[in-house]
Amino acid sequence: MTDTHFPPPINGSAANGRADDWRIDRERARAGGAGTIPSEALEIVDETASTNTDLMARMKALPRERVAPGVHAVRAAYRQTAGRGRQGRSWQASPGNALTFSLACVLPRPLAGLAGLSLATGVAVVDSLARLMPGEAARLALKWPNDVLLDGRKLAGILIETAWSTASASAVVIGVGINVRRDEALEAELEAAAAGAPAQARATPPAALSQALPSANLTDTLAVALKALTEMIERFGTHGFAPFVDRWNACHAYANREVVLIDKGVELARGIATGVDGSGQLLLSTDAGMQAIATGDVSLRLVDDAS
Ligand code: ATP
């Protein structure tokens, strides 16, 4: 699909700057950091169901024993008709206001060696956004396992899926959705959905990058994100999560706060969130002692918000 006739976004940039600056400028993105991705491996499409689904299908078709480690493809879409979050939840975004892309790569590690990959991805996304707005970097934080927050609200979501793994390598697809510009209609929709949910299960309200960086745009955001993700993939491939632990803990949104872990509306554990360990488990100080929570399907909430 070409992007020539694609309609402009609802909250397009006509009011904010150049009329076409809601589009991704491939060459500027490559010059700004995405040049680590070969040009033919960077795909930008108008619409697809889910960029993660597309790249998962492609990675599953690769001959497992013969593929080289590294980034194989990046696919960004202005609109996803079935954008996905964890556990079958949906990721919603409107064209031009959000950056949604997936990166497919092969890591020289078996499945067990991928522990902490989703947290390392969160670190890479935070660090890339911090580079765009150094003066505002302290407003960014990570909610375990990998939500990126701005002023305590959800700025970006990450979905990692494994296409296959062997004794020495794994093919994964890393999906990232970043709210670049505010979309008040979407915010209202997300907040209405959250208000209808039980307090324990209520979603973190959304934020957009433009709230901290008024000139935020898709091109520069994609450029810094791809640079940071490529570096992270290489480092994680060699060392695993270990080099990212301190940085994750330094960005921990709920450090030393009381939190509750929820699975399908049911409370699983409650305690003080002290940080993460070398495999990305959340360390929870509870009445029964320290508990390490593995990244699974649970959701984390602040007790102040859940009560
Ligand atoms: P939890 O906070 O329960 O752990 P999660 O991290 O599993 O959530 P994701 O899978 O990352 O959540 O994202 C899906 C959820 O994010 C949706 O259920 C919805 O509440 C919320 N959401 C969807 N689209 C957006 C968006 N553009 N901005 C912020 N939040 C969104």
Side-chain angles (χ1 to χ4, degrees), residues 9-11 50-53 77-102 117-119 121-122 125-126 129 140-161 173-212 216 218 221 248 252-254 257 259-269 273 276 280 282 284 293-303 305-306:
I10 300 160
N11 292 343
S50 150
T51 55
N52 254 51
T53 304
Y78 291 109
R79 190 204 306 270
Q80 293 190 112
T81 53
R84 295 186 287 120
R86 299 192 308 151
Q87 280 221 293
R89 289 190 274 266
S90 66
W91 185 259
Q92 290 166 262
S94 60
N97 293 319
L99 178 65
T100 48
F101 69 94
S102 300
L117 177 61
S118 77
L119 284 82
T121 302
V125 173
V126 163
L129 300 179
L140 297 165
L142 286 165
K143 176 173 94 78
W144 185 87
N146 61 11
D147 281 349
V148 177
L149 307 185
L150 174 73
D151 301 334
R153 300 166 71 99
K154 187 156 165 170
L155 175 65
I158 292 164
L159 173 69
I160 301 201
E161 297 179 292
V173 175
I174 299 176
V176 180
I178 303 175
N179 301 322
V180 175
R181 290 186 174 138
R182 286 192 74 182
D183 176 346
E184 278 150 27
L186 176 61
E187 285 174 19
E189 205 178 303
L190 289 168
E191 286 180 29
Q200 294 253 87
R202 212 161 274 166
T204 313
L209 199 53
S210 60
Q211 290 171 287
L218 272 61
T221 311
W248 197 98
H252 185 186
Y254 299 166
R257 305 276 304 271
V259 297
V260 59
L261 280 152
I262 315 280
D263 183 20
K264 298 177 192 73
V266 177
E267 179 174 326
L268 292 184
V276 297
L282 179 70
L284 209 57
I293 314 288
T295 40
D297 295 332
V298 289
S299 290
L300 183 73
R301 296 290 178 266
L302 274 177
V303 164
D305 290 350

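Keep in mind that this is a model prediction, so the values were computed, not measured. Numbering of ligands and ligand atoms starts at 1, following listing order.
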Heavy-atom side-chain contact between Ile160 and Ile158 under 4.5 Å: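 Ile160 reaches Ile158 side chain to side chain.
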
Considering only heavy atoms of [X], which atoms of ligand 1 have at least one such atom less than 4.0 Å away?
X      : result
Ala203 : 20 (O)
Asn179 : 26 (C), 27 (N), 28 (N), 29 (C)
Gly85  : 10 (O)
Lys143 : 1 (P), 2 (O), 4 (O)
Pro206 : 28 (N), 29 (C)
Asp147 : 2 (O), 6 (O), 11 (O)
Ser90  : 14 (C), 17 (C), 23 (C)

Applying a heavy-atom cut-off of 4.0 Å, say which part of [X] lies close to ligand 1: side chain, backbone, both or neither.
X      : value
Leu190 : side chain
Arg89  : side chain
Ile262 : neither
Ala98  : neither

Nearest heavy-atom contact between Ser102 and Asn52 is OG-OD1, 2.6 Å

Within the side chain of [X], is there an N or O that forms a donor-acceptor pair under 3.5 Å with the backbone of [Y]?
X      : Y      : answer
Gln211 : Ala208 : yes
Gln80  : Thr51  : yes
Asp183 : Leu186 : yes
Asp151 : Arg153 : no

What protein heavy atom sits nearest atom 13 (O) of ligand 1, and how far off is it?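 Checking every protein heavy atom, the shortest distance to atom 13 (O) of ligand 1 gives Lys154 NZ, 3.3 Å.
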
Less than 4.0 Å is my threshold; does some heavy atom of [X] fall inside it relative to ligand 1?
X      : result
Pro205 : no
Gln87  : no
Arg301 : yes

Working to the nearest 0.5 angstrom, can you tell me the gap between Leu284 CG and Leu300 CG?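 Result: 8.0 Å between the selected atoms.
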
Taken to the nearest 0.5 Å, the spacing of Leu261 CG from Arg301 CZ works out to 10.0 Å

Before signing off on this row, confirm whether Asn146 and ligand 1 have an N or O atom pair separated by under 3.5 Å.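 Between Asn146 and ligand 1, no N or O pair is found under 3.5 Å apart.
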
Polar contacts were defined as any N/O atom of the residue lying under 3.5 Å from an N/O atom of the ligand; does this apply to Ser299 and ligand 1? yes

Is the closest basic N to carboxylate O distance between Glu161 and Arg86 below 4.0 Å? no

Given the rule in the side chain to side chain contact (heavy atoms under 4.5 Å, CB included) test, do Val259 and Trp144 qualify, once you have shown the distances and angles that lead to the verdict? CA-CA 11 Å; Val259 297; Trp144 185 87; over 6 Å; no

Would Thr53 and Arg84 count as having a side-chain donor-acceptor pair, cut-off 3.5 Å?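 There is such a pair (donor and acceptor under 3.5 Å, judged by atom type) between the side chains of Thr53 and Arg84.
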
